[in-house]
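Worksheet: the structure to be examined is printed underneath.
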Amino acid sequence: MLNIIKCEFGKLKRRKFLLLVVLSAFLFPVPLTVLMTRSLTSGEYDSKAEIFNEYFQFVMGYGIELLLPCVIGVFAAMLFFMERDSGTSKNLRAIPVTSTQMVLTKITVLFICGAVFSLTSALVSILCGEITAQVSGIPYRLLFAVEMGIFITAGTLPLIVLVVFFSRNYVFSVLMCVFYSVLSTIAESSFGALPKLLCWLMPIPLTTLWAAGDLTDHGFLNGASALEYLIPSTAQTAAILAATALISTILIDYMYKKRRNE
Amino acid sequence: MNDYIIETKNLTKQYGLQKSVSSLNIHVKRGRIYGLLGRNGAGKTTTMKMLLGLAAPTSGEVIIWGKPLKGNEKKLLPRIGSLIEAPGFYPNLTATENLRIFATLRGMADKHAVKDALDLVGLPYRDKKLFSQYSLGMKQRLAIALAVMHDPELLILDEPINGLDPIGIAEIRSFIRQLCDESGKTVLISSHILSEIALLADDIGIIDCGALLEEESFAELEQKSNRHIRFTVSDTAQAAKILESCFREKAFSIQDSHNLLLYSLDAPTGRIVTAFVENGLEVSQVHTCVESLEDYFKRVTGGEGIA
């Protein structure tokens, strides 16, 4: 399995999209640093630490929750269509590498990329924060970023089911990803009006609620008290997202197998 | 226990209402080159896909090394090298990178395997050229390199000379022959090019509209092929009497009043002509006719040539 994962990364060599993914990890931290610098001089916040907390929350909120589903969606389209586009499926099956092995590998790669993307964003934020503000709790923030990356990736897998199901071009996949992110953002802005069950069944809003609770617990966020009744524990979040990921993986495997046999 | 490396039992593949392969029974012997000959769309590729588990048979069974393929893929497939349809590789990688990926997936320990495979087909090792920049011939060579890289005991090659130039065709032909003669590999090769099969195969299977029409060795084929001596004479009735009375030949047929075909190539042609002339017959032409593979193919398939 490790060999297949290694090969999956090898296949991505010279893919320009990867560079864009890396660059997109800087998309939110860099402009937000400029805003943070301005806030420092305007006197809106009591301390530099408070400014960074706010800034970190923005990066995780927009940079990860909004951008990562799009990145994962497009990345998944690239991974899952790669064999179809290059005609290498027959070579892999003749080895033999089974459909299930391929699907599990590709999903593992997505999880690794999700975690790395999130970690990179957090690292850039911390670096920018160290320059302009005051950063505390670095180990926690890095762990939090990895958890966020994994949770968001798991929450994006239902979207990947659709990407594989429609098996269309990349533009279609991008459109679906954007739609998914926007839908999640709308749900997040309506937390108070939505029933708890619905909030918990939507993977990205669920991750947002968990993130708010976790940051509050560690003293890096104030103001989640209004939504306290909605906040899930880490175990609850992990369980719901694991179930989502498992069902999505089974569906992706079924469809991928069907496509390969056609 | 028989010596068949590949055996199929009533192998059938149906897409919707159309039968692509129908009750196919092929037998590939150890250490031989088996040529599967058929027109485009005859069912050659579908058959090969089923032999590799790339397409599930609608009915029937594939037996390789005496074991059913279904359920034994993990044991059997690593011992097979294959090339099916167009060469499939990652366009953003070089030939070496592509082969390394497949070598890693096969868990190959030999670090020189990629270089050796590329050397065998005449492609440069660690060349910077990407697969997407390759010509069709180079792509085909790379696909052959992939098929032989892990030193398989059995090779299943679907139209391996597609896109190769004449020198490349000769090289690959000699390479395949060498694999069989010197390394004892068994090769199943498909083609719609009669001359290629004739030059390479030890055994031949003729497939048409999904059905196997003939399966035999080239030696058997030569014996079965239509060979005769054609005599063009002034009176075939009298010529027939001379053949029967003087030479005790009965294996002949009268085509018309001037043409007679004698099916025994061992017959003393010179003496027969002398006998005809001495009996007052005018002999204008004598030809020895040996049926070509194309004629045989036409006769077996009951239709036009292969092209």
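Every heavy atom of this structure was used, including side-chain atoms; hydrogens, water molecules and symmetry mates were not. Keep in mind that what you see is a predicted model, and the values were worked out from it rather than measured. Numbers restart at 1 for each chain; the letters A, B, ... are given by sequence-line order, proteins then strands.
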Task: Residue pairs fulfilling side chain to side chain donor-acceptor pair (under 3.5 Å) with at least one residue in residues 4-29 of chain A, sequence neighbours excluded - done: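 Sorted result for residues 4-29 of chain A: A/Glu8-A/Lys11, A/Glu8-A/Lys106, A/Lys11-A/Glu83, A/Lys11-B/Tyr90, A/Lys13-B/Glu97, A/Arg14-B/Glu97.
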Can you give each donor-acceptor pair under 3.5 Å made by side-chain atoms of residues 177-188 of chain A, sequence neighbours left out, with the distance rounded to 0.1 Å?
residue	atom	partner	partner atom	Å
A/Tyr180	OH	A/Gly155	O	2.5
A/Ser181	OG	A/Leu66	O	3.0
A/Ser181	OG	A/Cys177	O	3.4
A/Ser184	OG	A/Tyr180	O	2.9
A/Thr185	OG1	A/Ser181	O	2.7
A/Glu188	OE2	A/Thr208	OG1	2.7

Heavy-atom pair with the smallest gap, counting every atom of [X] and [Y]:
X: B/Glu73; Y: A/Pro96; value: O-CG, 3.9 Å
X: B/Leu105; Y: A/Leu92; value: CD1-CD2, 3.3 Å
X: A/Gly10; Y: B/Ile101; value: C-CD1, 3.9 Å
X: A/Leu12; Y: B/Asn92; value: C-ND2, 4.1 Å

Task: Any donor-acceptor pair under 3.5 Å from A/Asn3 side chain to B/Gly107 backbone - done: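 Here the side-chain-to-backbone pair does not exist.
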Extract all donor-acceptor atom pairs below 3.5 Å that involve side chains of residues 77-84 of chain B and protein atoms in other chains or at least two apart in sequence.
residue	atom	partner	partner atom	Å
B/Arg79	NE	B/Glu153	OE2	2.9
B/Arg79	NH2	B/Glu153	OE1	2.9

Task: Interface residues of residues 124-146 of chain B facing chain A - non-hydrogen atoms under 4.5 Å apart - done: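 Listed by number: B/Leu130, B/Leu146.
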TODO: Return yes when atom CZ of B/Phe175 has more than 12 non-hydrogen atoms of other residues, nucleotides or ligands closer than 6.0 Å, and no otherwise.
DONE: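 Buried by this count: over 12 neighbours within 6.0 Å.
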TODO: For A/Leu2, look at atom CG and say whether over 12 heavy atoms of other residues, nucleotides or ligands are found less than 6.0 Å away.
DONE: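 No.
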Open item on the list: Please report the interatomic distance CD1(A/Ile95) to CG(B/Leu52), rounded to the nearest 0.5 Å.
Closed with: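 If we round to the nearest 0.5 Å, A/Ile95:CD1 and B/Leu52:CG are 12.0 Å apart.
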TODO: Report the distance from atom CE of B/Met48 to atom NZ of A/Lys90, rounding to the nearest 0.5 Å.
DONE: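 Separation between the atoms: 13.5 Å.
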